[in-house]
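Position 1 is the first residue of the sequence, and the numbers go up from there. Keep in mind that what you see is a predicted model, and the values were worked out from it rather than measured.
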Amino acid sequence: MLTSPARAARLVHRSEPSGRDVEFRLLRHALDRSLRGRGGVVALCGAVGTGRTELLHVFSEAAADHGVRVLSAAGSPLEKEFPFGIVHQLFQSAGLDAAADAEVAHLLDDGVGAPEGEGGPRLTPRALHGLCSLVLRLAERAPLLLAVDDRQDADVQSLEFLLYLVRRTRAARVLTVLSSRETMTPPNPFFEVELARQPHHERVRLGLLPAGLVSELLHERFGADAALRLTAETHALTGGNPLLVQALLEDQEPGGARQELVVGESYRRGLMNCLHRMDPLALRLARGVAVLGRPGEPELLAELLLLAPQSLSRASYLLHSAGLFHEGGFRHPTGGGDLLAAMKPEELAALHHRAAQLLRASGASAARVAEQLRSAEGHVRAPWAAAGGTAGLGGTLEEMLSDCDPGGPDGSDGTDRTGGPQGPGALAGPDGWTQGWMAAVPSQRPPRPAGPGPAVPTVAGRAVPRAVPSSGFGPVPAPAAGAGPAGASPEPAPVVLPWAAGPAWTPAPPAEEPVRIECVPWLPGTEAESAEAAARRELKAVRYLFWHGRVAEGTAALERFQAGQPAGAEPAGLRELRSWLGYWFRSLFPQPGPAAGAGTTDGLAVLGGLLAGLPTEESVLKAERILRDGRLGGGSVESLTSALTVLVYADRADRAARWCEPIAARTAAANCSSTWHALFSALRAEVALRQGDLRTAEEAARAAFARIRPEGWGVAVGYPLSTMISVRTALGRHEDAARYLALAVPSETFQTPAGLHYLYARGGHLLAVGRPEEALADFRACGELMARWDVDHLPGLVPWRIGAARAELALGRKGPAVALADRQLAALGPAGHSRVRGMALRARAAAGEPAERTGLLERAVSALEDAGDSAQLAAALGELSATHRVQGELGLARSAERRARPGGLQSARPGGPRPLPAEPPADRPADRAVDLAGDRGPGRPSGPPEEGADRLSDAERRVAGLAAHGLTNREIARKLYITVSTVEQHLTRVYRKLGVRRRVDLRYSPYLGGELAG
């Protein structure tokens, strides 16, 4: 006898899974509605091991006990290609009579239409209608529950039937529950979309168990005391994954007081079951982490596994959402070892060697590289391990570690905190920077083949992987790809990885039997690499060649790639590579003029448009739109760095400075790679330099060299190197600047914008040390290159005319200096380029007549205030003060001096000219008071305090002083043991009392003391 709806609504929680009462209640409510004639469809989803199958089984049993007819089925990877497999299971489990069985068999056998496409046979509309009508007739006799487990492994034909059915059960007593495991991407996205569109659709997700439910399970098993002691450890080992929790409980001995948890066979077997049931890419990522032995940087993992970096985020999410990973690594150290134990020894050895090469290329310590090599040798005794040791793998262990980070006991790597040489003798020895880091670049080039042929070697019909840059502004190891031989089978062959020392391409010796790495570039069971992916990897190899200055090889490789493409076809990534080359090697790859409305979403395209003549204001708007999206998680690293570069070259460093902090916050939250941090640090250093914040510029340049060793920067080394040279020159530390200038730089750097920065920084240093003729040559070289590349319309790149004017002035040639400054001002137009305009006005004032000097300097001060360049502003104010003194306007001179002197930045002008000579009255008490301001403590003004400054409290003064030293609000809060909100309130009052608008202005407040500046 059937149960009434009222009685069925009182389904009891009969042995429902522990911790799933909420989900069970949602399923019960859905069944209650279907009993009242309101059919429904529930998508039950969750990570692997979260108990979906158990919950569906328990719910089906409870429904059957209360008169509901249950039709059940389950998908399987082994039966995914069997047409109508789920449909057969559903009707076989229904307990139909002979007539209904015969009807189903007839509809499935005779109702199959002709094969269509790749999906196999399809049911005819008549057959679909007949099966659906049979289900509805069954629902008239008794309520129905259609329970399908592991829907992600169902065949396409059965999914088509289920969609047809659920669209017709809204008014029937039918509840359809479809259980599925979370995957990287839906195997049948059309099914997912159509299912979600149904108004009676409901989604129930099973999450991980919270610590409270884990404690209850421990309490039931071992008692209250053990639960209190072991809950935190149990939750940390399992992440709340129900399967792992139950497995860990099985490992504990029954009875007795539990003092500590035992991680035994059940836990390890449960973890392996979860990993091997996951998406293949998630399993692949887990193997990569196991090989590295620790959570790795996303880009390092991507290159180790030859995956796109974007694919790792989803795979990492699956591992973390299932509770198998925590903070990028296994929750228990046995997990990685067990996973690697299931791999073939040769395959595992190959991955360890590849990891060693990538770690070595990224500047890892010698100990870490040696650990990977020893692991490889311990896993397999391949032919290369015979006589000759590891010679077949690119040399002995000592040879492969010869250029790694020494990693001494004190952590020293032979460089100071700036990434520069230590002391005067650092450049002399063979391991010094002068002969070490850039001198190694040519030696990494492979010997040219004796005969003609492609530069990219191929083995077994496939190209050899190697290290290439994946970002527009920095090198990241990645593979290359080449086309197989003509007539080769479309089935991919496992890659043969020849062991090359470093990023060089060294073909494997023909006498050796190569190791076949089946998991690179794909794991068994995953799809073969597509032609598009192979083309993208080959283009990345081309980018690598150009990045390391191998222009001839890169050009030849690009020509071969283009010649091998079908007519009219443009592979994905080729347009981006052209834009990238158009920026870095503009003389070799000139770009067309900017197209209207083009490049609104890609920073590299906007940068190319700016160089090609796109108006600066339009470029700035587009760049800030890209950065705004990037702050929220959109946009690639290359696009964001390019957009920041647009703001710098458009002479809007003030806007670029405002974007640095939110973009940095995004990178910190996203756990970005060291390469991205290095690129961003180099840009941040340049932005800070153009804002006059020399301390931040120096620290950011240090961080850039700390993240990527100098040899890894390739031709782009001129960017962070020029910033460091300019900072040391501005601070008067000319010997340090000379050491950086002594470092070898690839000659190809001077074919790139990085070479312009380097030449301009070197010219500034030469001018500061009294070598104006050499400085003038460097400045004019910048001008010649910019004219040749058609970028001379962009003075924000490097204002070479201003540097040349200063050099001419130092040589005593005022006429050419005036002409250069006037030409620069005329090229700027009436508006925009505030920083360059202020610098040009300073140079023009220094070269002009005394009568016009005051007006020019006042205009320079106004422009530099708008630009926010505090160092240039302080220098301009110092020159204005000296001019007022010469003219006898002592009040105006003291006013300008008060604004300039407390920052102490007259000596920190980036290569700027010295103030005009003046003859103020000597030994005046007021002057002595100003000169002694730097010796006074914070809170002791050297002169009259600014309005309201005398009302600063001690707490406000402490906060202001720390903020002036460059500490963030959070760092100030930690240092003073107060909240961040309190810091913000103090700073708001300080700004109001001192009459300043920005944090950087605190450095130049006379009331806070001169020692806070710089």
Side-chain angles (χ1 to χ4, degrees), residues 651 690 722 725-726 729-730 732 734 737-738 741 750 755-788 791-829 833 835-861 863-864 869 871-872 875-876 878-880 882-883 886 906-918:
D651 201 26
R690 297 188 181 213
S722 64
I725 294 168
S726 296
T729 300
H734 301 307
L741 284 168
F750 301 101
L756 293 175
H757 289 267
Y758 183 87
L759 286 172
Y760 188 78
R762 187 171 69 182
H765 167 75
L766 293 172
L767 183 61
V769 296
R771 297 159 65 182
E773 290 185 356
E774 298 173 66
L776 181 61
D778 277 345
F779 293 135
R780 291 201 176 275
C782 288
E784 293 172 3
L785 290 174
M786 293 178 69
R788 190 184 311 162
V791 294
D792 200 18
H793 63 276
L794 202 61
L797 187 56
V798 287
W800 69 271
R801 288 187 179 88
I802 300 174
R806 298 200 321 261
E808 294 280 11
L809 190 60
L811 290 169
R813 301 197 288 254
K814 288 191 175 183
V818 170
L820 285 165
D822 286 341
R823 284 183 60 189
Q824 184 64 84
L825 289 169
L828 293 177
H833 297 284
R835 178 175 179 271
V836 177
R837 187 182 306 278
M839 295 168 64
L841 288 168
R842 281 188 57 211
R844 180 64 178 81
E849 298 298 327
E852 57 183 350
R853 195 168 294 161
T854 301
L856 291 171
L857 287 173
E858 287 176 347
R859 289 169 56 195
V861 167
L864 292 170
D869 189 336
Q872 290 285 340
E879 293 168 356
L880 180 60
T883 302
V886 170
Q906 279 128 327
S907 63
R909 296 186 304 278
R914 298 183 180 277
L916 292 176

Residues forming a salt bridge (charged side-chain N to carboxylate O under 4.0 Å, His left out) with [X], sequence neighbours excluded:
X	answer
R823	none
E784	none
D651	none

So how far is it from [X] [atom1] to [Y] [atom2], rounded to the nearest 0.5 Å?
X	Y	atom1	atom2	value
I725	Y760	CD1	OH	14.0 Å
H757	R762	NE2	CZ	15.0 Å
L825	M839	CG	CE	12.0 Å
M786	L794	CE	CG	6.5 Å
R859	L841	CZ	CG	5.0 Å
R813	L820	CZ	CG	10.5 Å

Nearest heavy atoms of [X] and [Y], plus distance in Å:
X	Y	answer
G838	A860	O-CB, 3.5 Å
F779	G763	CZ-C, 3.5 Å
A807	L767	CA-CD1, 3.9 Å
A840	A821	O-CB, 4.1 Å
R690	G796	NH1-O, 2.5 Å
H765	A737	ND1-CB, 3.6 Å

Item to check | R806 side chain vs A843 backbone, donor-acceptor pair below 3.5 Å | outcome: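 No; zero donor-acceptor contacts below 3.5 Å.
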Is [Y] close to [X] at the side-chain level, that is, under 4.5 Å between some pair of heavy atoms?
X	Y	answer
R842	L864	yes
L785	L759	yes
L828	P795	yes
Y758	L741	yes

Checklist entry - Is D792 paired with R801 through a side-chain N to carboxylate O contact shorter than 4.0 Å? => result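 Yes, charged N to carboxylate O under 4.0 Å.
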Item to check | side chain to side chain contact (heavy atoms under 4.5 Å, CB included) involving E773 - partner list, sequence neighbours excluded | outcome: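 Once residues adjacent in sequence are excluded, the partners of E773 under the side chain to side chain contact (heavy atoms under 4.5 Å, CB included) criterion are L811.
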Checklist entry - Can you name the side chain to side chain donor-acceptor pair (under 3.5 Å) partners of R780, sequence neighbours left out? => result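 Side chain to side chain donor-acceptor pair (under 3.5 Å) check on R780 returns E808.
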Item to check | For E852, side chain to side chain donor-acceptor pair (under 3.5 Å) partners two or more places apart | outcome: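 Per chain and number, E852 pairs via side chain to side chain donor-acceptor pair (under 3.5 Å) with R844.
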